[in-house]
Amino acid sequence: MKYLSLAKSLEKLEDTTSYLEKNSIIADLLKETPSESMEMVVRLLLGRVYPAYVSQETGIGLQQLKKAVGKATGYSADDIDDLMEDIGDLGDVAEELTREKKQVTLAEGTLNVEEVYKNIHKLPTITGKGSVGRKTKTVDKLLADASPIEAKFIIRTVLGDLRIGVAEGRLRDAIAEAFDVSPESVEHAYMLTTDYGKVAKAVAEEGGEGLEGLGLTVGHPINPMLAQRSEGIDDILERMDGKAAFEIKLDGIRVQPHKKDDEVFLFTRRMEDYTSMFPELEKPLKKALKSDHAIVDGELVAINRDTGKPMPFQEVLHRRRKYDIKEVAEEIPVEIHLFDVLLAGEKTILDQPYIKRREKLEEIVKPSDKVKIVEQKTLTNPEEIKNFQQQALSKGHEGLLAKDLNSNYRAGRREFAWLKMKAKAETLDLAVIGAYAGKGKRAGLYGSYLLAARDPTSGELCTVTKVGSGYTDEELEELTNKFKKLTRKQKPSEVNAELEPDHWIKPEHVFEVIYDEIQKSPPEKHTSKYGLRFPRFVEQGMFCDIVSGVIF
Ligand code: AMP
């Protein structure tokens with residue numbers, strides 16, 4: 001498939017803000033895409049060359065890209081800098097300069113999707129001596145054959161920012177429209193694969209049946225199911241028809257262990273691979289999981305070496321590191337407590353009801369010192385529930401979680417099938433949209449950040465809070481380095497904010513924030529109309545675009 005067809009669709013998407021029009025443009029593009037190019041086209045449409053759960057950067061910066069543009073178009077670095085000042089976006093600069101060059105040369109439309117995809121895909125693998133030059137040359141070669149709009153989108157893809165206002169979630173409706181299947185079936189297939197590229201290919205080749213044929217793959221993380229807040233025991237019993245499974249709610253970090261024959265992987269809630277940070281869990285997990293292939297879900301908790309009791313989850317965060325892993329593993333021992341199973345053997349079982357999954361979990365897990373099964377009781381009586389809650393709290397856990405006995409596993413969803421009953425501070429995931437310059441000890445760094453949640457009605461990111469505490473010095477520095485690369489002169493188009501941070505940030509990351517209370521805020525301060533009391537930073541993760549059901 002010609003890359004020019006894709007680039008023309010990207011341009012049309014850039015030119016419209018209408019939701020329906022965007023859907024039709026994508027649907028038309030998908031209809032004309034041959035199935036062998038489908039995965040590539042869908043990923044390129046989302047501005048990347050990997051599925052969402054692979055966090056891979058091209059490793060080529062703005063300065064090098066400027067050089068590539070200069071080389072391909074015959075302009076000097078100064079010319080490019082001047083144009084950047086006027087236009088602001090290197091993609092637009094590349095388009096303009098290529099247009100001028102093209103008056104002299106000929107070839108247009110010779111690039112195909114595969115060539116563009118593969119060359120950008122290989123950028124992170126170019127390492128070692130002289131790698132910067134080789135990376136630049138790879139991009140330069142593509143640009144040499146590109147027409148103006150192709151040059152624009154090649155540059156933007158390498159920079160990881162297409163600027164066409166197409167988020168992951170929109171693919172659901174566009175794929176459904178293109179291939180005449182229900183949005184629900186597309187969404188379900190996405191739950192299993194976390195990759196709209198795979199989903200679109202399956203449906204293009206075999207329609208609805210293709211979607212049904214998709215399952216979980218060991219080694220590919222999926223978005224975990226999340227819990228809603230409850231108003232208390234009566235509320236839970238009413239919502240769950242008088243009977244529910246009550247599980248201990250542990251205070252740690254969510255992990256999704258995968259086992260594939262002799263290999264195990266450990267993914268986090270944000271689908272990052274943490275396997276190497278917890279080497280001491282590898283053997284116990286292999287032993288505890290009796291099935292050759294398995295995907296299970298659980299909580300990783302830190303244990304106090306003296307008392308044997310769980311430590312607060314902030315302690316687990318100290319285990320997230322690349323160095324001195326062995327030493328810290330001894331200082332802060334951890335255990336995994338499993339509470340769900342999504343795949344066992346070759347069988348995807350996340351569509352089975354909770355009770356069946358729990359039975360399967362008990363069947364395939366042989367508990368040990370390091371790998372346990374979460375304690376659970378099926379209860380109907382409020383008195384017994386209170387007692388169990390008390391027991392959980394006195395053992396140092398966070399409380400209980402109630403689970404609907406008949407519900408399937410809803411990947412990536414925060415629904416009422418899992419209800420929280422806890423008495424402690426809450427956390428929220430919010431998009432990072434702005435940064436403020438630090439003062440005093442924090443001079444030269446970003447000292448605080450402006451965070452937002454997506455309003456499901458308008459689709460806008462509305463501000464919720466500023467967060468200036470909870471960071472270690474090391475984290476502040478790391479975050480500053482990361483977010484410096486994502487600053488924008490203008491407020492990003494999807495952001496609705498009254499506050500003006502010192503720097504706008506392209507919304508690509510979330511902060512998990514702990515807070516004491518959600519309180520009303522005047523809209524001239526926070527546009528979500530809510531704010532947080534005592535917000536503190538917990539950790540930073542990838543942007544999965546979860547609308548905050550608590551705020552909206
Ligand atoms: P919250 O983070 O407050 O929304 O609560 C949901 C989180 O509780 C999950 O993402 C898990 O990390 C954690 N959790 C602890 N124990 C359990 C359990 N038994 N079942 C499900 N989630 C649990």
Side-chain angles (χ1 to χ4, degrees), residues 221-230 236 240 244-257 266-272 274 296-302 310-317 320 334-342 350 354-355 357-358 361-362 365 367 371-379 385 388-389 391-393 395-405 407-430 453 510-518 532 536 538-539 541 544 546-551:
I222 63 165
N223 274 309
M225 177 164 174
L226 302 169
Q228 272 288 3
R229 286 201 299 185
S230 75
I236 291 175
M240 298 196 174
F246 289 85
E247 290 183 357
I248 302 270
K249 185 172 192 304
L250 298 124
D251 188 15
I253 57 168
R254 186 78 173 263
V255 282
Q256 193 179 92
L266 213 53
F267 295 104
T268 67
R269 187 180 138 191
R270 304 208 172 76
M271 304 193 285
E272 282 156 299
Y274 271 15
V296 286
D297 192 359
E299 190 85 349
L300 189 148
V301 287
M311 302 202 274
F313 87 110
Q314 281 89 344
E315 295 297 327
V316 186
L317 300 184
R320 295 175 314 163
V334 292
E335 293 172 359
I336 288 187
H337 292 239
L338 298 172
F339 49 75
D340 220 317
V341 51
L342 315 182
L350 90 172
Y354 169 84
I355 312 186
R357 299 200 312 277
R358 175 79 194 192
L361 184 71
E362 289 174 13
V365 176
V371 182
K372 301 185 169 152
I373 299 181
V374 167
E375 196 183 338
Q376 171 253 38
K377 287 183 185 178
T378 301
L379 298 172
I385 300 169
F388 192 29
Q389 161 102 328
Q391 272 174 35
L393 292 172
K395 282 189 201 154
H397 300 302
E398 247 192 327
L400 296 182
L401 251 162
K403 298 191 174 174
D404 185 331
L405 296 164
S407 151
N408 57 356
Y409 189 94
R410 309 274 296 143
R413 293 308 202 90
R414 189 183 288 285
E415 290 176 2
F416 290 95
W418 287 11
L419 287 171
K420 284 185 267 185
M421 275 179 66
K422 61 172 190 177
K424 282 221 262 158
E426 298 283 339
T427 71
L428 264 180
D429 280 355
L430 296 169
V510 290
F511 279 179
E512 182 174 353
V513 179
I514 195 163
Y515 62 93
D516 284 4
E517 217 178 281
I518 293 180
L532 303 183
R536 283 143 289 159
V538 177
E539 66 170 324
C544 327
I546 296 171
V547 176
S548 165
V550 188
I551 299 272

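We count ligands from 1, going down the list as the structure has it; atoms in each ligand are counted the same way.
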(message) Looking at Met225, is its backbone amide N or carbonyl O close enough to the side chain of Tyr409 to form a donor-acceptor pair, meaning the two atoms are under 3.5 Å apart?
(response) yes
(message) Below the 3.5 angstrom mark, is there an N/O of Ile248, backbone or side chain, next to an N/O of ligand 1?
(response) yes
(request) Would you please determine whether Lys403 falls within less than 4.0 Å of ligand 1 on a heavy-atom basis? (result) yes
(request) Answer with side chain, backbone, both or neither: which part of Asp297 has a heavy atom less than 4.0 angstrom from an atom of ligand 1? (result) neither
(request) Could you see which bit of Lys249 sits under 4.0 Å from ligand 1, with heavy atoms only: side chain, backbone, both or neither? (result) both
(message) I'd like to check whether Leu250 has a polar contact with ligand 1, where a contact means an N/O of the residue lying under 3.5 Å from an N/O of the ligand.
(response) yes
(request) Please name the pair of heavy atoms, one in Leu400 and one in Gln389, separated by the smallest distance, quoted to 0.1 Å. (result) N-OE1, 3.2 Å
(request) Have a look at Asp340 and tell me which of Arg410, Arg358, Arg254, Arg357 forms a salt bridge (charged side-chain N to carboxylate O under 4.0 Å, His left out) with it. (result) Arg357
(message) Check Lys395 with Glu375, please: is the shortest side-chain N to carboxylate O separation under 4.0 Å?
(response) yes
(request) Would you please determine whether Arg414 falls within less than 4.0 Å of ligand 1 on a heavy-atom basis? (result) yes
(request) Output yes when the distance from some N or O of ligand 1 to some N or O of Thr427 is under 3.5 Å, and no in every other case. (result) no
(message) Below 4.0 Å, non-hydrogen atoms only: which portion of Lys420 touches ligand 1? Side chain, backbone, both or neither.
(response) side chain
(request) May I ask you to list the atoms of ligand 1 that are less than 4.0 angstrom from any heavy atom of Trp418? (result) 21 (C)
(request) From the options Leu338, Leu300, Asp297, Val371, select the one residue that forms a side chain to side chain contact (heavy atoms under 4.5 Å, CB included) with Pro257. (result) Leu338
(request) Return yes if some donor-acceptor pair links the side-chain N/O of Glu247 with the main-chain N/O of Leu401 below 3.5 Å, else return no. (result) no
(message) Is it the case that the side chain of Ser230 and the backbone of Lys420 share a donor-acceptor pair, with hydrogens and angles ignored and the cut-off at 3.5 Å?
(response) yes
(request) For atom 18 (C) of ligand 1, state which one of Ile514, Leu401, Leu226 supplies the nearest heavy atom. (result) Leu401
